[in-house]
Amino acid sequence: MDVSHLLDSLNDAQREAVASPPGACLVLAGAGSGKTRVLTHRIAWLIQTEGLSPYSILAVTFTNKAAAEMRGRIEQLLALPIRGMWVGTFHGIAHRLLRAHYQEAALDQNFQILDADDQLRLVKRVMASLDIDEKKWPVRQAVGFINGQKNEGHRPAHIEDYGDFYLKTHLEIYRAYEAACQRASMVDFAELLLRAHELWLGNPAILKHYQNRFGALLVDEFQDTNTIQYAWLRVLAGDKNNLMAVGDDDQSIYGWRGAKIENIRRFTDDFPQARTIKLEQNYRSTSSILKAASGVISQNVDRLGKELWTELGDGDPIQLYAAYDEMDEAKYITERIRQWVNEGNLYAEAAILYRSNAQSRVLEEALLYAQMPYRVYGGQRFFERAEIRNLLAYMRLVSQRDADAAFERVVNTPSRGVGDRSLDAIRHLARATDISLWQAAHRIVDEKQLPGRAVNAIHAFIELIDALDKETQGAPLPKLVDTLAEGSGLRAQHEKEGGERAQTRLENMQELVTAAGSFNPREDYTFSEPSDGQPSVSLLDEFLNHAALEAGEGQGDPEEDCVQMMTMHSAKGLEFPLVFLAGMEDGLFPHSMSMEAPGRLEEERRLCYVGITRAMRQLYLIYAESRRINGKERFNRPSRFISEIPKDLINEIRVKQTFVRPANQMRSTFAQGEVAGTNLKLGQRVTHARFGEGVILNSEGEGSNARVQVNFPDAGSKWLMVELAKLDPIA
DNA sequence: AAGGCAAATGTTTTT
DNA sequence: CATTTGCCTT
């Protein structure tokens, strides 16, 4: 078969990777070096020249989006649908395995997936039952502990507390939480992975089956794998070692979520025969942008080391703008975008990237004011919205009465007179007699264990769910959702609320009806194959599982031409001709919570690298000399990352106009705080021999070590040693 | 048990 | 500043 079309369009390194002989292979793929191309071509190559059946290929990604894109591109490349091939996320694949082997995994057939919110609620409840004070032991920390341990593959039994009170308490919570999950057959995200791993370790026959089946494994974004994911891959790879890992250590930005950048380094230890291939030619950005990115990332130690290069030429320099404040920053960005569009370009080619979601507000206002279309990505996802989760809980309850998480969520939503005391009683009974909340509620009603009013309220809820179940028997999915939205009283609740927010919630619920209508499990790649002859779950249950695993990013009109706004985290993997990195200030980026620890600072730096390398042609860095953060005026220094970019690549933009402001406005904003051990204070106007007149924005140190940041109309803001700079205060 | 007002609290988030 | 939490009152 002629397969030249698979290799012709590739460069040498890409070709080497695509056509590499069977065995372990590590592909270090720099930003914009065509890694998805390599992965898809590799799969096509395996099928067309190595003679592998699609059935024997497993490709793992981190996001549903990436999985869907990969599947689409392979089918395009092969010009035929690929049946039998497993392409999915780690979690999706683990889920599928557990469904197929639920007995060996010690789960009910109808085990339920807990998403992050369900998990938090459950841990909270577990802690309450253990009488652990939430004030002293933050729930989020306990959840973090549990997930952290699971990500490392540790069960409570594996953990030694060494008498440490912190460990001891968290271990107690972990143990109780695990018991609660097992009792109700609930599985959180980390558990999916851990259990899938244990499934194989504990069932050699099953493991052997999959080892035999999968002749080739491929992993995308390998730098983001955590310990258990990597262990899972190694076990599956078995003796064949036919594993291709594609990743970029410089783009590891999820360490705080358990990702182990070390896995990349370990790979060549674990697979000594592994070939390592570096993809260093970048097809995305101009040379200036790549050099800037390289300048920043080279400050990190212990990199595997890649040097990106391009044939696209230098391009424009990096533009640096010192904004007066966050409003000026936003205004400046809109002006540049206006110019960009006036030159005949699209809004959609421009992206504004920032470190934290809170920054989007001011930017949005400016875009709104400038009447530019925009779209904010990230933030709250569809299936995570409260109204959607409430409705899903009703659906779950109609399907499975014993779903405790769902019961707890909606038994009093909308409020129907089942308060904390009643709920406590139900929980106690359930725990004492080892039954579900639903059964406990039933018994309390039957035996009238509570005051009449409470019993009536609980009874009403039980009747409601039973009635809704009866009413929706055999109904198509969208009809069922619609009936529940109405019958639960959720719709009425939001209608009563009134206001724009409530209106959006109603629309979202309607959207869920629509989503249920277009839901087709056969199209869902995580279940595209009948699960080995096991009895299938109901369409409703399948929809609910789908909702848990896929948070639902796919709404909105991606076709619309609008400015793209998102965090730098969400921007990973994307590219834009024109990129603005907003809020380039120490404290914001790198974030103050990550500035101290060297390891975390390096991750921030990698995030900066990711941000810079999103840009194809033009890159703007903007910092604000003053910024309102949480209602307080802050005077941050320009981000240290800016100074890590070679000076000759940067073009500093000065707009003097922004400093011509009424003096009284300046005073009122700045006048507070003394610079200890000097005759200066913040907001003070001073003159400097060379830079002229300026205003003191910020200071650090005291006495002879004091440095002040002075904003000069012409020279911009400078950090000066008070002792050396000879600043003269002016009244 | 529900609703209202003061106080506390602010990263990033593929599943 | 803006949103969520928690206490307090009906």
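Just so it is clear: chains get the letters A, B, ... in the order the sequence lines come, proteins before strands, and each one is counted from 1.
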Trainee: Does A/K260 have any salt bridge (charged side-chain N to carboxylate O under 4.0 Å, His left out) partners at least two apart in sequence or in another chain, and if so, which?
Mentor: A/E152
Trainee: Expressed as a whole number of angstroms, how long is the span from A/N357:CG to C/dA2:P?
Mentor: 16 Å
Trainee: Give the stems involving DNA chain C, where a stem is 3 or more consecutive Watson-Crick or G-U wobble pairs (i with j, i+1 with j-1, and so on) under 3.5 Å.
Mentor: B:1-10 with C:1-10
Trainee: A/L549 CG to B/dT15 P: how many Å, rounded?
Mentor: 9 Å
Trainee: Describe, in one word, how the ring planes of A/F519 and A/H546 are oriented to each other, choosing from parallel (under 30°), tilted (30 to 60°) and perpendicular (over 60°).
Mentor: tilted
Trainee: Suppose we call a contact any N or O donor and acceptor under 3.5 Å apart; does that hold for the side chain of A/R257 and the base of B/dT12?
Mentor: no
Trainee: Please work out which of the three classes, parallel, tilted or perpendicular, describes the rings of A/F407 and A/F461, given edges at 30° and 60°.
Mentor: perpendicular
Trainee: Angle between ring planes, A/Y210 versus A/W86, binned at 30° and 60°: parallel, tilted or perpendicular?
Mentor: tilted
Trainee: Just jot down the side chain to side chain donor-acceptor pair (under 3.5 Å) partners of A/Y230, sequence neighbours excluded, or say none.
Mentor: A/D270
Trainee: So what does A/R501 touch, heavy atoms closer than 4.0 Å: a base, only the sugar-phosphate, or nothing?
Mentor: nothing
Trainee: Using a 4.0 Å heavy-atom cut-off, does A/T61 contact any base of the nucleic acid, only the sugar-phosphate backbone, or nothing at all?
Mentor: nothing
Trainee: Does A/H91 form a ring pair (Phe, Tyr, Trp, His ring centres under 6.0 Å) with A/F62? I'd like the steps, not just the answer.
Mentor: CA-CA 8 Å; A/H91 292 86; A/F62 275 83; 8.1 Å; no
Trainee: Categorize A/D420 for me: base, sugar-phosphate, or nothing, with a 4.0 angstrom heavy-atom threshold over every strand shown.
Mentor: sugar-phosphate
Trainee: Quote, to the nearest angstrom, the C1' distance that separates B/dT12 from C/dT5.
Mentor: 23 Å
Trainee: If I take atom CE in residue A/M568 and atom C1' in nucleotide B/dT13, what distance separates them, rounded to the nearest angstrom?
Mentor: 15 Å
Trainee: Tell me, please, which residues at least two apart from A/R121 pass salt bridge (charged side-chain N to carboxylate O under 4.0 Å, His left out).
Mentor: A/D117
Trainee: Between B/dA1 atom P and A/N456 atom CG, what is the distance in whole Å?
Mentor: 13 Å
Trainee: Between A/S570 and B/dT12, does any side-chain N or O lie under 4.0 Å from OP1 or OP2?
Mentor: no
Trainee: In this structure, how many angstroms lie between the P atom of B/dA1 and the CG atom of A/N412, rounded?
Mentor: 8 Å
Trainee: When the distance from CZ of A/R140 to P of B/dT13 is rounded to whole Å, what number comes out?
Mentor: 12 Å
Trainee: When you check the phosphate oxygens OP1 and OP2 of B/dT11, does a side-chain N or O of A/S592 lie under 4.0 Å from one of them?
Mentor: no
Trainee: Looking at B/dT15, B/dA2, B/dT12, which one has an atom nearest to any side-chain atom of A/R600?
Mentor: B/dT12
Trainee: Is A/E221 touching bases, backbone alone, or none of the nucleic acid, heavy atoms closer than 4.0 Å?
Mentor: nothing
Trainee: With sequence neighbours excluded, what pairs up with A/Q564 under the side chain to side chain donor-acceptor pair (under 3.5 Å) test?
Mentor: A/Y377
Trainee: Holding to ring pair (Phe, Tyr, Trp, His ring centres under 6.0 Å), I want the full list of residues that pass it with A/Y354, two or more places apart in sequence or in another chain.
Mentor: none
Trainee: Would you mind calling B/dT11 syn or anti? Take O4'-C1'-N9-C4 for purines or O4'-C1'-N1-C2 for pyrimidines, and syn is within 90° of 0.
Mentor: syn
Trainee: May A/W256 be described as stacking on the base of B/dT12, applying a 5.5 Å centroid limit and a 30° limit on plane angle?
Mentor: yes
Trainee: Among residues at least two apart in sequence or on other chains, which ones pass ring pair (Phe, Tyr, Trp, His ring centres under 6.0 Å) with A/Y174?
Mentor: none
Trainee: What pairs of nitrogen or oxygen atoms, one from the protein and one from nucleotides 4-10 of chain B, lie under 3.5 Å apart?
Mentor:
unit_1: B/dG10; atom_1: N3; unit_2: A/N630; atom_2: OD1; d: 3.4

Trainee: Is there any side-chain hydrogen bond (donor to acceptor under 3.5 Å, both in side chains) pair reaching into residues 132-142 of chain A, and which pairs are they, with sequence neighbours excluded?
Mentor: none
Trainee: Centre of A/F111's six-membered ring, under 6.0 Å away, within 45 degrees of the axis: is that where NZ or CZ of A/R99 sits?
Mentor: yes
Trainee: Given that A/T567 and A/R421 both sit by DNA chain B, which one's nearest nucleotide is further toward the 5' end?
Mentor: A/R421
Trainee: Does the ring of A/H591 meet both stacking tests against the six-membered base ring of B/dT11: centre distance under 5.5 Å and plane angle under 30°?
Mentor: yes
Trainee: Considering residues at least two apart in sequence or located in another chain, which fulfil the salt bridge (charged side-chain N to carboxylate O under 4.0 Å, His left out) criterion with A/D118?
Mentor: A/R389
Trainee: Rounded to the nearest angstrom, tell me the gap between atom CD1 in A/I458 and atom C1' in B/dA1.
Mentor: 13 Å
Trainee: By the 4.0 Å heavy-atom rule, please label A/F90 as base, sugar-phosphate, or nothing.
Mentor: nothing
Trainee: Counting only side-chain heavy atoms from C-beta out, which of B/dT12, C/dT3, B/dT13 sits nearest to A/R361?
Mentor: C/dT3
Trainee: Over all strands shown, is A/S594 touching base, sugar-phosphate only, or nothing at heavy-atom distances under 4.0 angstrom?
Mentor: base
Trainee: Expressed as a whole number of angstroms, how long is the span from A/N151:CG to B/dT15:C1'?
Mentor: 11 Å
Trainee: At less than 4.0 Å, is any side-chain N or O atom of A/S422 found next to OP1 or OP2 of B/dA1? Yes or no.
Mentor: yes
Trainee: For residues 585-592 of chain A, which side-chain donor-acceptor pairs fall under 3.5 Å, sequence neighbours excluded?
Mentor:
unit_1: A/E585; atom_1: OE1; unit_2: A/R627; atom_2: NE; d: 2.9
unit_1: A/E585; atom_1: OE1; unit_2: A/N636; atom_2: ND2; d: 3.2
unit_1: A/E585; atom_1: OE2; unit_2: A/A624; atom_2: N; d: 2.8
unit_1: A/E585; atom_1: OE2; unit_2: A/R627; atom_2: NE; d: 3.2
unit_1: A/E585; atom_1: OE2; unit_2: A/R627; atom_2: NH2; d: 2.6
unit_1: A/D586; atom_1: OD1; unit_2: A/R640; atom_2: N; d: 2.8
unit_1: A/D586; atom_1: OD1; unit_2: A/R640; atom_2: NE; d: 3.4
unit_1: A/D586; atom_1: OD2; unit_2: A/R640; atom_2: NE; d: 3.2
unit_1: A/D586; atom_1: OD2; unit_2: A/R640; atom_2: NH2; d: 3.0
unit_1: A/H591; atom_1: ND1; unit_2: A/M593; atom_2: N; d: 3.1

Trainee: Using atom names, set out every protein N or O paired with an N or O of nucleotides 6-10 of chain C below 3.5 Å, distance rounded to 0.1 Å.
Mentor:
none

Trainee: Starting at the 5' end of DNA chain B, which residue's closest nucleotide do you reach first, A/A190 or A/I253?
Mentor: A/I253
Trainee: Which of the following nucleotides, B/dT15, B/dT13, B/dG3, is nearest to the side chain of A/S415?
Mentor: B/dG3
Trainee: Give A/R453 one of three labels, base, sugar-phosphate or nothing, depending on what nucleic acid heavy atoms sit under 4.0 Å from its own.
Mentor: nothing
